[in-house]
S.K.: 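My questions all concern the structure below.
Remember, predicted model here, so these are calculated numbers, not experimental data.
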Amino acid sequence: SQQGEEDPQALSIQEGENATMNCSYKTSINNLQWYRQNSGRGLVHLILIRSNEREKHSGRLRVTLDTSKKSSSLLITASRAADTASYFCATSPTHAGNNRKLIWGLGTSLAVNP
Amino acid sequence: KAGVTQTPRYLIKTRGQQVTLSCSPISGHRSVSWYQQTPGQGLQFLFEYFSETQRNKGNFPGRFSGRQFSNSRSEMNVSTLELGDSALYLCASSLHRGVFTGELFFGEGSRLTVL
């Protein structure tokens, strides 16, 4: 079963607005990553946040991690039409040890309207 | 530096046939992972190879297999294709394996349609 669950499944906003996506997971993790996927293309890594970090920034992206609630959020500020894509979270469970296997959510589909 | 290259990008097969997909990782990357992506199931982990050895495997039937060559290039094979195997197959490479601490670099994927 999927470890990560993104919320909402779909989001439609106007250019210039902020977009917030959430990811919940079930077990303790080493880190959590966010990826973007343009339609039918490969995934592109956006940001990684470790379990001992609470917030991380990269350009217009802000990621928070709340390990007590087992959740993370991705905020895209001042959105652009080019941000239209699906966004996925991926977690690295601590119980995996050296049996590395990322667990993926089903993604949030973001549409930014010009 | 060239990215991850997957071939072919698109292919159409019929039920019962078999297919081989290829992935060339970023130069210097020794770990290659394969994923199946479908609208209903999202990204499902198939397997990971490191130094020509399968290190990890997902919950897929034995019809799905793979291998890695000494130059880190990897292939995956699906035999006796079923309609449900229609999907985007993604390959990802990374520098290290073990307790994961870094990012994955994905190829553009191979879109398989089974008729």
Side-chain angles (χ1 to χ4, degrees), chain A residues 1-7 9-10 21 23-53 56 58 61 63 85-109, chain B residues 3-7 9-10 21 23-26 29-50 53-60 86-113:
Chain A
S1 63
Q2 296 286 351
Q3 158 98 307
E5 294 183 9
E6 286 93 342
D7 165 55
Q9 289 187 344
M21 289 157 267
C23 170
S24 60
Y25 55 92
K26 297 175 183 175
T27 64
S28 59
I29 60 173
N30 291 315
N31 60 60
L32 183 147
Q33 301 179 64
W34 286 91
Y35 286 79
R36 183 189 75 227
Q37 183 180 35
N38 291 88
S39 181
R41 309 288 296 275
L43 282 78
V44 175
H45 181 265
L46 294 176
I47 200 165
L48 179 151
I49 186 165
R50 292 182 169 78
S51 58
N52 61 352
E53 298 175 310
K56 207 161 182 181
S58 177
L61 306 180
V63 169
S86 292
Y87 292 82
F88 295 87
C89 68
T91 54
S92 176
T94 54
H95 69 265
N98 279 327
N99 192 27
R100 184 182 80 173
K101 187 163 58 177
L102 289 180
I103 307 298
W104 297 81
L106 291 175
T108 290
S109 178
Chain B
V4 178
T5 303
Q6 290 189 246
T7 57
R9 287 291 314 279
Y10 302 92
L21 309 177
C23 172
S24 294
I26 291 173
H29 285 194
R30 297 166 63 191
S31 173
V32 174
S33 301
W34 287 90
Y35 291 86
Q36 181 195 66
Q37 185 178 30
T38 57
Q41 296 295 317
L43 273 107
Q44 300 287 323
F45 173 77
L46 281 156
F47 22 66
E48 178 198 2
Y49 287 87
F50 184 86
T53 301
Q54 187 180 93
R55 304 290 179 157
N56 209 342
K57 191 177 189 303
N59 297 323
F60 279 81
S86 294
L88 180 66
Y89 290 87
L90 292 163
C91 166
S93 76
S94 62
L95 195 56
H96 303 294
R97 71 167 308 273
V99 178
F100 188 68
T101 58
E103 67 181 277
L104 294 177
F105 295 83
F106 282 85
E108 295 289 352
S110 293
R111 171 77 62 186
L112 170 65
T113 302

S.K.: Would you sort out whether L43(B) and Y35(A) count as a side chain to side chain contact (heavy atoms under 4.5 Å, CB included), showing the intermediate values?
M.R.: CA-CA 12 Å; L43(B) 273 107; Y35(A) 286 79; over 6 Å; no

S.K.: More than 12 non-hydrogen atoms from neighbouring residues, nucleotides or ligands closer than 6.0 Å to CD on Q9(A), yes or no?
M.R.: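 No, not enclosed.
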
S.K.: Tell me whether the count of non-hydrogen atoms from other residues, nucleotides or ligands lying under 6.0 Å of CG in N59(B) goes above 12.
M.R.: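 Check fails, neighbour count at 12 or below.
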
S.K.: Looking at E108(B) and G42(A), would you say the former's side chain and the latter's main chain have a donor-acceptor pair under 3.5 Å?
M.R.: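 Flag set: sc E108(B) to bb G42(A) pair under 3.5 Å.
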
S.K.: Give, as side chain, backbone, both or neither, the part of Q37(B) having an atom under 4.5 angstrom from any heavy atom of chain A.
M.R.: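 Contact with chain A involves the side chain of Q37(B) alone.
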
S.K.: What are the two closest non-hydrogen atoms of R41(A) and L90(B), and how far apart are they?
M.R.: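 Closest pair (atom of R41(A), atom of L90(B), distance): O-CD2, 4.4 Å.
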
S.K.: Grab the two heavy atoms, one from F106(B) and one from L43(A), that are nearest each other, plus how far apart they are.
M.R.: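 For F106(B) versus L43(A), the nearest heavy atoms are CB-O, 3.3 Å.
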
S.K.: Chain A heavy atoms under 4.5 Å from Y35(B): which part of the residue, side chain, backbone, both or neither?
M.R.: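 Only the side chain of Y35(B) comes within 4.5 Å of chain A.
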
S.K.: So, for L104(B) and H45(A), which heavy atoms are closest and what is the spacing to 0.1 Å?
M.R.: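 Smallest heavy-atom distance, with atoms named: O-CB, 4.2 Å.
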
S.K.: Locate the shortest heavy-atom distance separating E103(B) from Q33(A); write the atom from each residue and the value.
M.R.: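 That closest heavy-atom pairing would be CA-OE1, 3.6 Å.
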
